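Just so we're clear, the structure is a prediction, and the values are computed from it rather than from any experiment.
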There are 2 protein chains.
Amino acid sequence: MNKDNAISILREKGVKITPQRRFVIESILDDRTHPCAEDVYFKVKKKLPEISLATVYQTLDLLEREGLLLKISLPDGKSHFDPFVKPHFHFYCENCGKIEDRDVMNENPLKDIIKRERAGFEIKNYTVIVYGFCKKCKSKGV
Amino acid sequence: MNKDNAISILREKGVKITPQRRFVIESILDDRTHPCAEDVYFKVKKKLPEISLATVYQTLDLLEREGLLLKISLPDGKSHFDPFVKPHFHFYCENCGKIEDRDVMNENPLKDIIKRERAGFEIKNYTVIVYGFCKKCKSKGV
DNA sequence: GTACTTGCAAAATATTTGCGTTTAT
DNA sequence: ATAAACGCAAATATTTTGCAAGTAC
């Protein structure tokens, strides 16, 4: 999704478009590095020095509520944000903390989940997080 | 897994078995309510009043490292612990915070993940967390 | 006996909140 | 004009850590 699309969607829902929100949206929508709130804060701060961390938190929460971001809670104690909201796996390296995306190509794990929706649970979203060691850390013998 | 099995496994690995560890193990190994560290602390405290929260944290981390517990990071900002370490889904209700387990019966989502292990990532474990509203909250019209 | 574990309190970290001011609509 | 959003700082919450005392082996 591009920035203008996102802003249109938000406007239609009656969300006010402030400069702070513009810059956060611009920063996160093409960022596949899974930044945490503070990462986004520092990145945006370069272009909009007066922005506050609290506003970044609030904006990221807003974007997640509106379905434009996936929020991923990891064992590093932080929330990480991903603008790619289609089903995919997250590989989390327990050594270096890097998160790699792996798109689900041949088999949608949602299939099995969807079956259970009928059991009463209303599904909004889901995350798959795989823990282990990435290629680089593995080769270092961690 | 029962308590004695767990203790044997730990002993074989050279882990010292203290009363604190015994009580934490006893408390968590048959607890499918996905307690957080503080929940375990209060539960154990009833039987071992002098135990400290720090010890509970350390013990839960130990048990997770040894593969006896699954640690699940959730958007409530806490880590939750699950003694059932076989592949299954966690349904997290964003309204009441309840976590329901759904066992994976007919199709193992790990299959797809395992394929990618060859791509270099060394897999230790994984979690599937489904976000939404549980039957109860849904019927209340949340 | 010794290395590891504990309890306690303090520190560190992440996130949320209260509030007076500013701003998008 | 007004309801919402902002920045700041303080508050809250979770988890970690340093250290002296205690304990499993």
In whole Å, I'd like the distance from the [atom1] atom of [X] to the [atom2] atom of [N].
X     : N      : atom1 : atom2 : answer
B:E50 : C:dG7  : CD    : P     : 7 Å
A:R65 : C:dT16 : CZ    : P     : 11 Å
B:L48 : C:dT5  : CG    : P     : 17 Å
A:L62 : C:dT15 : CG    : P     : 17 Å
A:L63 : D:dA5  : CG    : P     : 12 Å
A:I51 : D:dC8  : CD1   : P     : 11 Å

Show me the pairs that pass salt bridge (charged side-chain N to carboxylate O under 4.0 Å, His left out) and involve [range], at least two apart or across chains.
range                     : value
residues 35-44 of chain B : B:D31-B:K43
residues 76-95 of chain B : B:R32-B:D82
residues 45-70 of chain B : B:K13-B:E66, B:D61-B:K71

- Task: Tell me, please, whether A:F91 has A:R102 positioned over its six-membered ring: NZ or CZ under 6.0 Å from the ring centre and within 45 degrees of its axis?
- Result: yes
- Query: For D:dG7, does OP1 or OP2 lie under 4.0 Å from any side-chain N or O of A:Q20?
  - Reply: yes
State which residues pass side chain to side chain donor-acceptor pair (under 3.5 Å) with [X]; sequence neighbours excluded, sorted by chain then number.
X     : value
A:T55 : A:S52
B:K3  : none
B:E26 : none

- Task: Using the test side chain to side chain contact (heavy atoms under 4.5 Å, CB included), find all partners of B:K98 that sit at least two apart in sequence or belong to another chain.
- Result: B:C96, B:E100
- Of all residues at least two apart in sequence or in a different chain, which pass the side chain to side chain contact (heavy atoms under 4.5 Å, CB included) check with A:P75? A:Y92, A:Y131, B:S73
- Estimate the overall bend of the helix from C:dG1-D:dC25 to C:dT25-D:dA1 from the end axes over five pairs each, rounded to 10 degrees. 50°
- Side-chain heavy-atom pair A:L63, A:F81 within 4.5 angstrom cut-off: no
- Query: For DNA chain D, which residues in residues 24-33 of chain A have a heavy atom at a distance below 4.0 Å?
  - Reply: none
- Note on the structure: Residues at least two apart in sequence or cross-chain that pass ring pair (Phe, Tyr, Trp, His ring centres under 6.0 Å) with B:H90, listed by chain then number, are B:H34, B:H88
- What string of B, S and - do you get for nucleotides 13-25 of chain D, 5' to 3', if B is base contact, S is sugar-phosphate-only contact and - is no contact with any protein heavy atom under 4.0 Å? -SBBB------BS
